[in-house]
Amino acid sequence: MNKKELAAIFEEIATLLELKGENPFKCNAYRNAARTIETLDHPLDEFKDISDFEGIKGIGSSIAEKILTLVRTGHLPYYDELKASLPEGLMGMLDIPGFGPKKARAVYEKLGVASVRELEYACRENRLLELPGFGAKTQENILKGIEYLKKAHGRFLLHEARNAALGLLQSLKNIKGVKHLEVAGSLRRFANTVKDIDILAVSTNPASLVDAFISHPLVEEVVARGETKSSVRLTMGINVDLRIVTEGQFPFALMYFTGSKAHNVTLRGRALHLGYKLNEYGLFKRDAKKSARLNSEEAIFKRLGLTYIPPELREDWGEIEAAEKGTLPHLITQEDVKGIIHAHTNYSDGIATLNDYAVEATRRRCEYIGISDHSRAAFYANGLSPERLLKQLDEINALNKKLKNVRLFKGIESDILPDGSLDYPDEILEKLEFVIASVHSKFKMPKEEMTRRIIKAMENPHTTILGHPTGRLLLGREGYELDMGAIIDTAARHGVIIELNCQPLRLDLDWRNVRKAIEAGVRICISPDAHNLEELDFTELGVGMARKGWCEPHHVLNTLSARDVEKILQAKR
DNA sequence: GCCGTTTTCGGCCCGACTGTTTTCAGTCG
């Protein structure tokens with residue numbers, strides 16, 4: 001059992017207890033513990049005894065004992081009994097927006113309704129009307145919520161949500177009276193996926209801003225409309241909250257609604273310790289009615305004795321301690337990126353030609369593009385036979401002679417075959433400047449076997465970069481089972497670069513592991529894995545993710561000049 | 001269930017909004 005699975009169980013215990021109507025603080029204790037478990041520094045098997053948990057905040061003797069039982073036996077009678085005491089379908093009902101544990105408990109106990117399906121049916125029969133605290137409106141909203149669930153499953157890719165948010169911002173910023181307009185929430189933190197979009201505004205004419213917001217062409221339905229908060233659902237299914245605050249509140253609100261929740265809790269704790277109360281309206285000296293006047297997030301952090309923490313880092317993952325010590329990283333920015341590695345042409349499954357990429361690179365003032373089409377095993381993607389690969393290399397050589405400010409690097413995205421070998425013989429691989437080795441088949445191998453397979457590919461002296469290391473598709477497919485620690489160690493030992501693939505569905509390597517990789521001394525490559533010219537823009541997402549993984553420019557291969565990249569590629573060969 | 005440099009008992013972040021109510025409970029972030 002890994003930490004993530006363990007944390008999920010405690011999270012579920014918290015929810016089950018809520019459904020049972022337990023003391024909310026007890027529920028919260030389990031929820032906190034879940035979060036703590038997920039970010040434990042030490043491997044689970046190092047915890048042998050309750051005393052080993054001493055000093056870990058949020059885990060007392062009772063939860064420590066439950067963790068030990070789970071790790072030792074894989075089971076927890078307390079959890080099993082709790083789960084068995086409630087119908088399975090009850091949990092699913094909590095995904096309905098506006099429908100929480102109290103309501104779920106009420107419909108279950110009073111009406112015997114125990115699943116989303118049954119709940120939908122009960123609504124259609126008007127049976128919720130008879131329950132105390134329920135009415136026609138509630139019933140109607142539940143039905144809408146169920147429709148929403150069917151449509152969207154409740155989460156969206158960062159890329160989709162970001163595009164929608166930028167579109168909204170673009171049209172709202174010109175509304176008369178608008179002084180500030182910013183995206184907050186998990187979108188501002190560059191989370192892999194987001195549930196909704198939070199927009200924060202200051203306006204001298206709030207009513208007209210709200211009007212423009214709720215009547216925007218992207219809006220399908222107005223969920224709520226208040227003086228300071230309005231909420232809509234877009235046609236793509238995502239919810240957007242617009243909050244309007246005063247000029248003075250803005251930095252505090254921006255900070256508050258950017259979160260994360262865990263980051264905020266730690267920050268508020270710190271404020272309390274320093275004799276302040278921090279909320280979305282201000283920073284208040286003990287018992288004071290008026291907030292300290294601070295006009296930026298920087299100023300608030302400073303008052304709390306911290307250097308500025310970029311939004312991507314606000315996950316309560318050590319950023320507050322680092323800000324206190326002044327040791328936060330100088331994060332990579334879009335401007336640091338000098339070139340692009342990993343683009344597919346029309347030789348395999350891309351649309352753009354070699355020449356298209358060369359022209360586009362010039363237009364973008366990009367120093368180089370690393371061409372890496374699929375290898376022959378990827379027949380579904382029109383992978384290159386050795387003959388076609390050699391032909392492409394000739395074409396690149398010819399182009400490079402003509403090009404002035406752009407350099408095309410000759411590469412391949414080679415499948416890692418099930419036995420861990422690469423997809424061409426050495427005499428072909430030797431002709432390339434770089435090799436991205438990726439798994440595209442047999443995803444369901446057992447963890448040990450898959451780890452061995454990938455490690456073998458990384459030990460191959462021709463491998464330069466490990467492509468999309470886990471193979472996950474966000475909101476779609478879990479990555480293959482993998483010992484990521486072993487992969488990172490191997491990369492460090494053999495000087496293999498690890499890709500941060502910025503296809504919106506992948507964002508793989510995950511930012512948490514990006515941080516582990518760079519701490520182990522592994523270099524990262526931010527790759528759009530482009531299949532056409534537009535997809536070169538995905539690099540922006542990758543930069544955001546690299547920032548979230550604490551990357552400085554020197555951690556990333558493609559912040560280097562073409563000449564320096566060439567040196568590194570040559571040294572590896 | 002967890003925690004404690006005023007506490008080993010009594011707190012635990014808290015405000016907006018909705019929908020149900022006649023002063024509040026539930027949900028959400």
Side-chain angles (χ1 to χ4, degrees), chain A residues 10 13-19 21-36 50 53-67 78 82 93-107 128-142 144-145 154 184-189 191 194-200 210 222-232 239-245 249 252-273 275-282 284:
Chain A
F10 283 91
I13 290 175
T15 308
L16 289 165
L17 290 173
E18 279 176 337
L19 284 169
E22 257 289 358
N23 173 358
F25 297 108
K26 179 170 165 180
C27 304
N28 227 354
Y30 277 98
R31 195 147 274 142
N32 285 336
R35 237 188 47 75
T36 307
I50 291 188
F53 289 93
E54 246 168 55
I56 299 180
K57 258 187 146 177
I59 298 184
S61 58
S62 169
I63 288 182
E65 201 165 336
K66 291 186 174 74
I67 295 175
Y78 173 76
L82 195 59
M93 297 202 294
L94 301 180
D95 293 334
I96 301 168
F99 196 85
K102 299 274 169 56
K103 287 203 174 96
R105 189 156 175 254
V107 297
L128 264 62
L129 299 180
E130 61 205 65
L131 294 182
F134 287 72
K137 206 66 198 260
T138 308
Q139 187 171 271
E140 199 185 314
N141 283 338
I142 290 172
K144 277 189 196 163
S186 50
L187 200 49
R188 184 162 182 246
R189 296 201 314 277
V194 304
K195 197 158 131 304
D196 51 23
I197 298 172
D198 293 297
I199 298 178
L200 214 57
V210 170
V222 179
V223 180
R225 184 189 178 158
E227 286 197 7
T228 62
K229 183 188 161 184
S230 299
S231 187
V232 300
N239 270 12
V240 189
D241 290 344
L242 171 70
R243 289 166 210 276
I244 300 179
V245 299
Q249 290 166 349
F252 298 98
L254 184 60
M255 190 178 229
Y256 182 89
F257 289 109
T258 298
S260 65
K261 206 167 178 178
H263 171 92
N264 283 353
V265 168
T266 305
L267 211 56
R268 277 199 294 274
R270 185 180 174 85
L272 278 174
H273 193 73
Y276 290 107
K277 187 182 81 160
L278 177 66
N279 61 25
E280 62 262 56
Y281 301 109
F284 304 85

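Here is the naming used below: chain letters follow the sequence lines, and residue numbers restart at 1 for every chain.
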TODO: Using a cut-off of strictly less than 4.0 Å, decide whether N141(A) has a side-chain nitrogen or oxygen near OP1 or OP2 of dT18(B).
DONE: no
Contacts under 3.5 Å, N or O only, protein and nucleotides 25-29 of chain B:
{"residue": "dT27(B)", "atom": "OP1", "partner": "G100(A)", "partner atom": "N", "Å": "2.8"}
{"residue": "dT27(B)", "atom": "OP1", "partner": "G100(A)", "partner atom": "O", "Å": "2.9"}
{"residue": "dT27(B)", "atom": "OP1", "partner": "K102(A)", "partner atom": "N", "Å": "3.4"}
{"residue": "dT27(B)", "atom": "OP1", "partner": "K103(A)", "partner atom": "N", "Å": "2.9"}
{"residue": "dT27(B)", "atom": "OP2", "partner": "K102(A)", "partner atom": "N", "Å": "3.2"}
{"residue": "dC28(B)", "atom": "OP1", "partner": "G98(A)", "partner atom": "N", "Å": "2.6"}
{"residue": "dG29(B)", "atom": "OP1", "partner": "K195(A)", "partner atom": "NZ", "Å": "2.7"}
{"residue": "dG29(B)", "atom": "OP1", "partner": "D196(A)", "partner atom": "OD2", "Å": "3.0"}
{"residue": "dG29(B)", "atom": "OP2", "partner": "K195(A)", "partner atom": "NZ", "Å": "3.1"}
{"residue": "dG29(B)", "atom": "N2", "partner": "Y256(A)", "partner atom": "OH", "Å": "3.3"}

TODO: Please identify each residue that fulfils side-chain contact (heavy atoms from CB on, under 4.5 Å) with A262(A), with sequence neighbours left out.
DONE: R35(A), S260(A), D316(A)
Open item on the list: Rounding to an integer number of angstrom, what distance separates dG10(B) and dG15(B) when you compare their C1' atoms?
Closed with: 23 Å
Open item on the list: Would you measure the distance from the C1' atom in dA16(B) across to the matching atom in dG11(B) and give it in whole Å?
Closed with: 24 Å
Open item on the list: I need the minimum non-hydrogen distance between T258(A) and R188(A), along with the two atoms involved.
Closed with: OG1-NH1, 2.8 Å
Task: 5′-ward residue of the pair A64(A)/R268(A) relative to DNA chain B - done: A64(A)
- [ ] Please report, rounded to the nearest Å, how far the P atom of dG1(B) is from the CZ atom of F10(A).
- [x] 11 Å
TODO: Please examine the side chains of V210(A) and I244(A), heavy atoms only from C-beta on, and report whether any two atoms are closer than 4.5 Å.
DONE: yes
TODO: Rounded off to whole Å, could you give me the CZ-to-P distance for the F53(A) and dC2(B) pair?
DONE: 11 Å
TODO: Round to a whole Å and report the spacing from CG of N23(A) to C1' of dG10(B).
DONE: 11 Å
TODO: Measure from the side-chain heavy atoms of S62(A) and tell me the nearest of dG1(B), dG15(B), dT18(B).
DONE: dG1(B)
TODO: For L19(A) and A104(A), work out which heavy atoms get closest and say how close.
DONE: CD2-CB, 3.6 Å
TODO: Could you tell me whether dT7(B) is syn or anti, where syn means a glycosidic angle within 90 degrees of zero?
DONE: syn
Open item on the list: In whole Å, I'd like the distance from the CE atom of M255(A) to the P atom of dC13(B).
Closed with: 19 Å
Open item on the list: Partner lookup for dT8(B), please. Criteria are Watson-Crick or G-U wobble with both distances under 3.5 angstrom; report none if nothing qualifies.
Closed with: none
Task: Rounded C1' spacing from dT23(B) to dG29(B) in Å - done: 24 Å
TODO: Kindly write out the residues that satisfy side-chain contact (heavy atoms from CB on, under 4.5 Å) with S61(A), not counting sequence neighbours, or none if the list is empty.
DONE: I50(A)
- [ ] Using the C1' atoms only, state how far dC12(B) lies from dT7(B), rounded to an integer number of Å.
- [x] 13 Å
Open item on the list: Under 4.0 Å, heavy atoms only, any strand: does A136(A) hit a base, just the sugar-phosphate, or nothing?
Closed with: sugar-phosphate
- [ ] Take atom P in dT21(B) and the same atom in dT27(B), then report the distance between them in whole Å.
- [x] 15 Å
- [ ] Might you confirm whether atom CD of E280(A) has over 12 heavy atoms from other residues, nucleotides or ligands at distances under 6.0 Å?
- [x] yes
Open item on the list: With a cut-off of less than 4.0 Å, is there a side-chain N or O of T138(A) near OP1 or OP2 of dT20(B)?
Closed with: yes
- [ ] Using whole Å, report how far NZ of K137(A) lies from P of dT20(B).
- [x] 8 Å
Open item on the list: Suppose you measure atom C1' in dC13(B) against the same atom in dC2(B); what distance do you get, rounded to whole Å?
Closed with: 16 Å
Task: Closest-nucleotide ordering on DNA chain B, the 5'-leading residue of A29(A) and Q139(A) - done: A29(A)
Open item on the list: Is it the case that atom CD in E54(A) sees more than 12 heavy atoms from other parts of the structure closer than 6.0 Å?
Closed with: no
- [ ] For residues A184(A) and L254(A), report the shortest heavy-atom separation together with the two atoms involved.
- [x] CB-CD1, 4.2 Å
- [ ] Grab the CZ-P distance between R270(A) and dC13(B) for me, whole Å please.
- [x] 18 Å
Open item on the list: Taking any heavy-atom pair under 4.0 Å as a contact, classify S231(A): base, sugar-phosphate, or nothing.
Closed with: nothing
TODO: Quickly work out the I67(A) CD1 to dG1(B) P distance and round it to whole Å.
DONE: 13 Å
TODO: Given side chain to side chain contact (heavy atoms under 4.5 Å, CB included), test V265(A) with R268(A) step by step and report yes or no.
DONE: CA-CA 5 Å; V265(A) 168; R268(A) 277 199 294 274; 3.9 Å; yes
Task: Sugar-phosphate only, base, or nothing, as touched by I56(A) at under 4.0 Å among non-hydrogen atoms - done: sugar-phosphate
- [ ] Using whole Å, report how far CD of E22(A) lies from P of dC2(B).
- [x] 13 Å
